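Note that the structure is predicted; figures quoted are calculated from it, not measured.
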Amino acid sequence: MKPVLLFYGAAQLLKACLLTEAPEYPESSRVLAHGVSTRKKKKSRYEFIQDTVQIQKSGLFSYAGKKLYQMAPMEGAKFKMEDLFFQIPELRELFVRMRNKTISYPIGVAEDGTLFVSAQILNDLQMSKTRFFHFLEDYLHPAASDTPDVLHFMAGSDGLSDRFPFLTDMDGIHYLPAVRAGYIELPEPLTHYLILYNLSMISRYETEWWSVLHAERSSPDLAFIHAFIDVTQRKFPFMTARWLSKQEQQTH
């Protein structure tokens, strides 16, 4: 039952944030829909981590994206669960254990105030140093460095933030994705919303697969799903509180 409870809990927290920005919400019944869809029938040899969700024209997802994060319309966009998991830094150790895959690198602060990240990120992204900084030129700029194993840089005008391309864990540590599919311009609360939507639909309507998953405990999906649930039930309220705190600070 957790996916269902957590999905509707996340939806209510998004609505609480919306009411601070759009007191007229909901101004029409169209914005009350979830705003997301997924395949009704799962394929044989189904893997949750490879499943996708699709954004609809209207509904809570698009409305929250526009009102809370000034996002452009994303109607028709599809997101794979694995790519969405890449957006959650708390899952990085699990990817190392399960897939021997590094999905992100922490950002450090040097004594001179510059920021740095492991130079291994270039190999993982299959980019040269020049290409990397061109790719992220709107968000970070190269800084002089004599250390070959790290990339030194300065953040752009917005500094380190909770938005693209940076990822942030609950300890306030920032990361950069080490896989290209991880560079999704999607605020993390909406990433959690999409994953929870899919999990809630599966646990309700794909009961045979859901039951076998937990009974046999042989699919790698189970580890990722349980790890995500453990993270989101703590982090979604945390992200909501942080967002509301920032809004309050901006009004004073």
Any sub-3.5 Å donor-acceptor pair from Arg131's side-chain atoms to Met127's backbone N or O? no
Before we go on, tell me: are the rings of Phe48 and Phe224 under 6.0 Å apart, centre to centre? no
What one should report as the nearest heavy-atom pair of Phe236 and Tyr193 is CE1-N, 4.4 Å
Do any N or O atoms from the side chain of Ser211 and from the backbone of Thr207 form a donor-acceptor pair under 3.5 angstrom? yes
Salt bridge check: are Asp162 and Lys246 linked by an N-O gap of less than 4.0 Å? yes
For residues Tyr105 and Asp124, is any side-chain donor paired with an opposing acceptor at under 3.5 Å? yes
Any chance the side chains of Glu188 and His192 put a donor and an acceptor closer than 3.5 Å? yes
For Asp149, does its backbone N or O pair with a side-chain atom of Thr147 as donor and acceptor, under 3.5 Å? no
Can we call the ring centroids of His141 and His152 under 6.0 Å apart? no
Report yes or no: does Arg180 contribute a side-chain atom to a donor-acceptor pair with the main-chain N or O of Leu125 at less than 3.5 Å? yes
Close aromatic pair by centroid cut-off 6.0 Å: Tyr183 and Phe86: no
Could you list the donor-acceptor pairs under 3.5 angstrom formed by side chains in residues 12-21, with sequence neighbours left out?
unit_1, atom_1, unit_2, atom_2, d
Thr20, OG1, Cys17, O, 2.6
Glu21, OE2, Gln247, NE2, 3.0

Check whether any side-chain N or O of Arg30 sits under 3.5 Å from a backbone N or O of Ser58 as a donor-acceptor pair, and report yes or no. no
On a heavy-atom basis, which atom in Tyr197 and which in Ser37 lie closest, and how many Å separate them? OH-CA, 3.6 Å
Is the backbone of Ala241 close enough, under 3.5 Å, to the side chain of Ser245 for a donor and an acceptor to pair up by distance? no
Around atom CG of Asn100, are there more than 12 heavy atoms from other residues, nucleotides or ligands closer than 6.0 Å? no
Ion pair check, Glu90 and Arg234, cut-off under 4.0 Å: no
Would you call Glu82 and Arg99 a salt bridge, taking side-chain N to carboxylate O under 4.0 Å as the test? yes
What's in the same ILVMFWY side-chain cluster as Ile173, cut-off under 4.5 Å, chained through other members? Leu167, Tyr175
Do Pro189 and Thr240 have side chains that approach each other closer than 4.5 Å (heavy atoms only, starting at C-beta)? no
Quick check: Tyr139 with Phe166 (ring centres under 6.0 Å apart)? no
Does the side chain of Arg217 come within less than 4.5 Å of Leu222's, by heavy atoms? yes
Can a donor-acceptor pair be found, under 3.5 Å and without considering hydrogens, that links the side chain of Asp221 to the backbone of Ile49? yes
The side chain to side chain contact (heavy atoms under 4.5 Å, CB included) partners of Arg97 (sequence neighbours excluded) come to Glu93, Leu94
With a cut-off of 6.0 Å (strictly less than), are more than 12 heavy atoms of other residues, nucleotides or ligands near CD of Glu208? no
Under a 4.0 Å threshold between the charged nitrogen and the carboxylate oxygen, would Asp51 count as salt-bridged to Arg39? yes
Minimum heavy-atom distance between Asp83 and Ala181, given as atom pair plus value: OD1-CB, 3.3 Å
N/O donor-acceptor pair under 3.5 Å between Thr232 side chain and Ile229 backbone: no
Is the shortest side-chain heavy-atom distance between Pro187 and Arg163 below 4.5 Å? yes
Judged by atom type as modelled, is there a donor-acceptor pair below 3.5 Å linking the side chain of Thr38 to the main-chain atoms of Thr52? yes
